Undergrad: 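I'd like to ask you about the structure that follows.
Both counts, for ligands and for their atoms, begin at 1 and track the order of listing. Keep in mind it's a predicted model, so treat the numbers as computed, not measured.
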Amino acid sequence: MLLHFTKMHGLGNDFMVIDLVTQRARLRDEQVRQLADRRFGIGFDQLLVVEPPRDPDMDFRYRIFNADGSEVENCGNGARCFARFVRDQRLTHKHEIHVETSGGPLTLLVEDDGQVTVDMGVPRFAPQALPFEADEDRLRHGLDVEGERVELGVVSMGNPHAVLRVDDVERAPVERLGPAIEHHPRFPRRVNVGFMEVVSPHEIRLRVHERGSGETLACGTGACAAVACGIRQGLLESPVTVHLRGGDLRIEWPAEEAPLRMTGPAERVFDGRVALA
Ligand SMILES: N[C@H](CCC[C@H](N)C(=O)O)C(=O)O
């Protein structure tokens, strides 16, 4: 069968988006991995799937698969592209779109200028929310990895994040420590790893080694996680501009129990059809 899809990106974090509201398909993990391959397939960091909601109060179900085929709880850059896609495809005419994910509900607001603001919910710092093996909630946890001890913040944005502070993102040990922390046994379901450089209380630079996809040009939930940890540690104040390799996101988190909001772009690249093996 031929499956219609749209290639999109949020600050260079790129996606294959498929509508399973008007199409029918079942994708196996191996098919996702093949489609993710940048030479033998379509090529993407994540696959985003639009489905009818299971909860009648929601507009859509939003499913996310990493390039390694793993299904995950949330994708922030993908949420903005999801909102752009369902409106462009006329699956909805709403400006405020409610979606269910396996990491919890999200509200997507399509702004007049085409940017999308996502209500990402309240960050959760309890280690068991990730999960992360620790005896208590801390601002920073010590972790022995690759023969050294690192200090990291941990937070769930629906999906798990570890955040390390570095002096210079360009010299951060992303290639060495990213995979080692992603697969560390204290993260039973692995983890996304952010390397955060604090420029000022309202500005950071960030690189993210993503669980299941490797370093990406941008990570929306990673930007949210870094700002949440930075504010909680007293390093940052809302709002914060996050400079990622692919561009900038604006993150607002006015108070610890308030929902965190992320604003940024969503771009279409091309439409296509692919035969599923
Ligand atoms: N790799 C992430 C999912 C994609 C997150 C990222 N692309 C974003 O924009 O939030 C995970 O395994 O939890």
Side-chain angles (χ1 to χ4, degrees), residues 7-17 29 32-33 35-36 38 43-49 62-85 99 101-108 115-121 123-124 129-132 154-163 174 178-179 181-184 187-196 206-229 242-251 253 260-267:
K7 191 75 181 5
M8 303 185 77
H9 76 85
L11 302 179
N13 182 199
D14 68 331
F15 310 109
M16 176 182 180
V17 190
D29 292 1
V32 175
R33 285 190 288 271
L35 290 169
R38 296 190 182 281
F44 54 75
D45 292 328
Q46 279 87 30
L47 168 67
L48 311 181
V49 179
Y62 166 32
R63 299 178 72 188
I64 305 112
F65 298 83
N66 282 323
D68 68 358
S70 58
E71 182 167 5
V72 294
E73 309 89 345
N74 198 0
C75 176
N77 288 323
R80 301 195 313 273
C81 290
F82 187 103
R84 167 96 191 255
F85 178 80
V99 302
T101 75
S102 61
L106 298 176
T107 300
L108 317 179
Q115 299 258 307
V116 181
T117 294
V118 184
D119 174 339
M120 299 290 287
R124 290 177 289 152
L130 276 79
F132 173 58
V154 299
V155 61
S156 172
M157 295 306 305
N159 59 344
H161 287 268
V163 181
V174 179
I181 296 172
E182 174 193 356
H183 295 279
H184 195 285
F187 292 100
R189 290 172 57 186
R190 299 186 287 159
V191 70
N192 299 283
V193 188
F195 297 81
M196 170 177 70
L206 181 70
R207 290 173 65 187
V208 182
H209 168 89
E210 287 200 28
R211 177 180 62 169
S213 295
E215 182 174 7
T216 56
L217 290 179
C219 179
T221 51
C224 299
V227 170
C229 287
V242 180
H243 301 298
L244 298 134
R245 291 189 141 181
D248 295 351
L249 289 173
R250 174 183 166 85
I251 309 294
W253 190 39
L260 182 147
R261 290 158 61 95
M262 166 191 63
T263 301
E267 305 295 340

Undergrad: How long is the gap from CG on D248 to NE2 on H243, to the nearest 0.5 Å?
TA: 5.0 Å

Undergrad: If you look only at distance, which donor and acceptor atoms sit under 3.5 Å apart when one is on a side chain in residues 216-224 and the other is two or more places apart or in another chain?
TA:
from	atom 1	to	atom 2	distance (Å)
T216	OG1	E210	OE2	2.8
T216	OG1	A218	O	2.9
T221	OG1	N159	ND2	3.1
T221	OG1	H161	NE2	2.9

Undergrad: Can you name the salt bridge (charged side-chain N to carboxylate O under 4.0 Å, His left out) partners of R245, sequence neighbours left out?
TA: E170, E215

Undergrad: Kindly indicate, with the supporting measurements, whether the criterion salt bridge (Lys or Arg N to Asp or Glu O under 4.0 Å) is fulfilled by R190 and E182.
TA: CA-CA 5 Å; R190 299 186 287 159; E182 174 193 356; 2.9 Å; yes

Undergrad: If only atom types and distance count, is the side chain of N192 paired as donor or acceptor with the main-chain N or O of R211 below 3.5 Å?
TA: yes

Undergrad: Check each N or O atom of ligand 1 against all protein N or O atoms and list the pairs under 3.5 Å, with atom names and distances to 0.1 Å, one per line.
TA:
from	atom 1	to	atom 2	distance (Å)
ligand 1	1 (N)	N66	OD1	3.1
ligand 1	1 (N)	N192	OD1	3.1
ligand 1	1 (N)	E210	OE1	2.8
ligand 1	1 (N)	R211	O	3.0
ligand 1	7 (N)	N13	OD1	2.8
ligand 1	7 (N)	Q46	OE1	3.1
ligand 1	7 (N)	E210	OE1	3.2
ligand 1	7 (N)	E210	OE2	3.0
ligand 1	9 (O)	N13	OD1	3.3
ligand 1	9 (O)	G76	N	3.4
ligand 1	9 (O)	N77	N	3.0
ligand 1	9 (O)	N77	ND2	3.3
ligand 1	9 (O)	G220	N	2.8
ligand 1	10 (O)	G76	N	2.8
ligand 1	10 (O)	G220	N	3.4
ligand 1	10 (O)	T221	N	2.8
ligand 1	10 (O)	T221	OG1	2.6
ligand 1	12 (O)	N66	ND2	2.9
ligand 1	12 (O)	R211	O	3.3
ligand 1	12 (O)	R211	NE	2.8
ligand 1	12 (O)	R211	NH2	3.4
ligand 1	13 (O)	N159	ND2	2.9
ligand 1	13 (O)	N192	ND2	2.9
ligand 1	13 (O)	R211	NH2	2.9

Undergrad: State which residues pass salt bridge (charged side-chain N to carboxylate O under 4.0 Å, His left out) with D45; sequence neighbours excluded, sorted by chain then number.
TA: R38

